[in-house]
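Proteins get letters first, then strands, A, B, ... in listed order; numbering begins at 1 in each.
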There are 2 protein chains.
Amino acid sequence: MPTVAPQRSRKAQIDRTATAMFRARGFAATSMRELATELGLEAGSLYSHIKSKEEILHRVCFGLAEDFFAGFAAATAQGSAPIATQLRQAIEAHVRVLTRDSAASAVFLHEWRHLSEPARTEFLALRDRYEVAFRALIQRGMAQGELHAPDAVFAALTLLASLNWLPAWYRPDGKLTPDEIAHRLAEQLLSGLRRTEEPV
Amino acid sequence: MPTVAPQRSRKAQIDRTATAMFRARGFAATSMRELATELGLEAGSLYSHIKSKEEILHRVCFGLAEDFFAGFAAATAQGSAPIATQLRQAIEAHVRVLTRDSAASAVFLHEWRHLSEPARTEFLALRDRYEVAFRALIQRGMAQGELHAPDAVFAALTLLASLNWLPAWYRPDGKLTPDEIAHRLAEQLLSGLRRTEEPV
DNA sequence: CCTACCGATCGGTAGG
DNA sequence: CCTACCGATCGGTAGG
């Protein structure tokens, strides 16, 4: 019986370290030997805790997908609230997931392509569902006259693209808190760049 | 003496095929043997045309960087034009580079991390210079009252993030031409999503 | 969790 | 452009 309980399970520790390495070097360029060294053990020992390298990637990608869906559901639970408010809350929820673990987010965004079938197809279906949910919210806002956009599809794409760029530059020790970042991003995306009407 | 000249050099053919594979599977997960097979030759034969796998990546990444800078320079050559016009032209130029070769663009955007030093650092410096150029344009527009944004840094980040998402969904055989896409993206980014003022 | 190891595959080269 | 090959490294397993 250990006198001090480990702060988190060995498995969770492997996931966490692997995620950081997948983010920095990419999934394919990260070897199980490097991962083991980083954790202070031998390569073979990893396999008493995990089944395969891809299993780690699978857990990270699908775990984050769950987080994104949960955030969106909470943000839009008050269906009677103004759409702009729901959209703002959905943006904030998305940013919160991205900033809570930006390494896992970067893996979610870029390394899913190394999932083998059928996981890869399942993952893309989830990602698509999420995108559709955002688009539907924007379309509802347009129908009610609260939002306007030349094209709802484009609006959803640019919105998510802008948010998903965050893990590329976010630093947990930066000047801005996640909530401040979320607020500024929402402000930027909702108001656009142009001050006055200009001819097209 | 061949009776029919090759349409492009073997080297350019290697670059092109490798770029498509780097995009689909990632640089590290693409083997020189698969590349050779795709080209209908043996792995060793590649090395009469190229020096190394990384050399291909280097050419793609730095070649595209040049294209982006050239496009931006042309778009902002008329320094006396309204900033909003220059910005719109810079957006269009950026989109034109992205759509002309979306495979190379995707590699430029995501695979540069596999460059070894010092190329990697040089590349990041170039990317940063480009970002700064966009930001400076936006700041100039704000100073002259043509543009408004809560934060010029955020504005530049969301702008480029939205544009750079394009290679992820652009299809050359889609309904929209590159110029139409550029126009809609510019419209979306300049005008924002909100119709009426709402309380913050 | 380690030691010792498996077969497979990697990027690249020599010599023709 | 091919044949034949190099040393290195890969993900993973057996047995303890």
Side-chain angles (χ1 to χ4, degrees), chain A residues 1-22 24-61 107 111-117 119-120, chain B residues 1-22 24-61 107 111-117 119-120:
Chain A
M1 172 186 305
T3 52
V4 178
Q7 252 192 322
R8 51 175 101 89
S9 75
R10 199 55 153 160
K11 188 172 173 177
Q13 199 180 123
I14 291 172
D15 279 4
R16 216 182 152 64
T17 306
T19 298
M21 296 178 79
F22 291 169
R25 317 173 190 206
F27 177 79
T30 301
S31 80
M32 297 305 272
R33 278 158 182 83
E34 291 172 313
L35 172 57
T37 300
E38 191 76 21
L39 288 160
L41 40 79
E42 295 303 316
S45 307
L46 290 169
Y47 293 88
S48 2
H49 303 97
I50 60 164
K51 277 184 302 191
S52 69
K53 185 185 179 185
E54 184 175 338
E55 191 208 34
I56 305 174
L57 180 63
H58 190 284
R59 240 191 327 274
V60 174
C61 288
V107 170
E111 304 300 325
W112 56 265
R113 71 180 64 242
H114 295 106
L115 291 168
S116 54
E117 297 296 351
R120 189 184 146 117
Chain B
M1 171 185 306
T3 52
V4 178
Q7 251 192 322
R8 48 174 103 86
S9 75
R10 199 55 153 158
K11 187 172 174 178
Q13 198 179 125
I14 292 172
D15 278 6
R16 215 179 153 68
T17 305
T19 298
M21 297 179 78
F22 290 169
R25 318 173 189 205
F27 176 79
T30 301
S31 80
M32 297 305 272
R33 277 160 182 80
E34 291 172 312
L35 172 58
T37 300
E38 191 75 20
L39 289 160
L41 38 80
E42 296 302 316
S45 308
L46 290 169
Y47 293 89
S48 359
H49 303 97
I50 60 163
K51 277 184 304 190
S52 69
K53 184 184 180 185
E54 185 175 337
E55 191 208 33
I56 305 175
L57 180 63
H58 189 283
R59 239 190 327 272
V60 174
C61 289
V107 170
E111 304 301 325
W112 57 264
R113 72 179 66 242
H114 295 106
L115 291 167
S116 55
E117 297 295 352
R120 188 184 148 120

- Is a side-chain N or O of B:Ser48 found less than 3.5 angstrom from the main chain of B:Ser45, in a donor-acceptor match?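 Side chain of B:Ser48 to backbone of B:Ser45, a donor-acceptor pair under 3.5 Å: yes, one is there.
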Supply the atom-to-atom distance [X] [atom1] to [Y] [atom2], rounded to the nearest 0.5 angstrom.
X: A:Leu57; Y: A:Thr19; atom1: CG; atom2: OG1; answer: 8.5 Å
X: A:His49; Y: A:Lys11; atom1: NE2; atom2: NZ; answer: 10.0 Å
X: A:Tyr47; Y: A:Glu55; atom1: OH; atom2: CD; answer: 10.0 Å
X: B:Ile50; Y: B:Arg10; atom1: CD1; atom2: CZ; answer: 12.0 Å
X: B:Glu54; Y: B:His114; atom1: CD; atom2: NE2; answer: 10.5 Å

- Give one of base, sugar-phosphate or nothing for A:Ser31, where a contact means two heavy atoms less than 4.0 Å apart.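 Sugar-phosphate only.
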- Is a side-chain donor-acceptor pair under 3.5 Å present for B:Gln13 with B:Arg16?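 No donor-acceptor contact under 3.5 Å links the two side chains.
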- Task: Dot-bracket for DNA chain D, please, read 5' to 3', with Watson-Crick or G-U wobble pairs under 3.5 Å on both distances, ( ) within the strand, [ ] crossing, | other strand, . unpaired.
- Result: ||||||||||||||||
- Relative to the 5' end of DNA chain D, which residue comes earlier, B:Leu41 or A:Met32, by the nucleotide with the nearest heavy atom?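 Comparing both residues, the 5'-ward one is B:Leu41.
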- Thinking salt bridges, do A:Arg33 and A:Glu42 make one under a 4.0 Å N-O criterion?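 Salt bridge flag = no for A:Glu42 with A:Arg33.
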- Message: Can you give me the first and the last nucleotide of DNA chain C (5' to 3') that has an atom within less than 4.0 angstrom of a non-hydrogen atom in chain B?
- Response: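 Result: C:dC10 to C:dT13.
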- Let me know, please, whether A:Glu42 or A:Arg33 comes out on the 5' side of the other along DNA chain C by nearest nucleotide.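 Going by which nucleotide is closer to the 5' end, it is A:Glu42.
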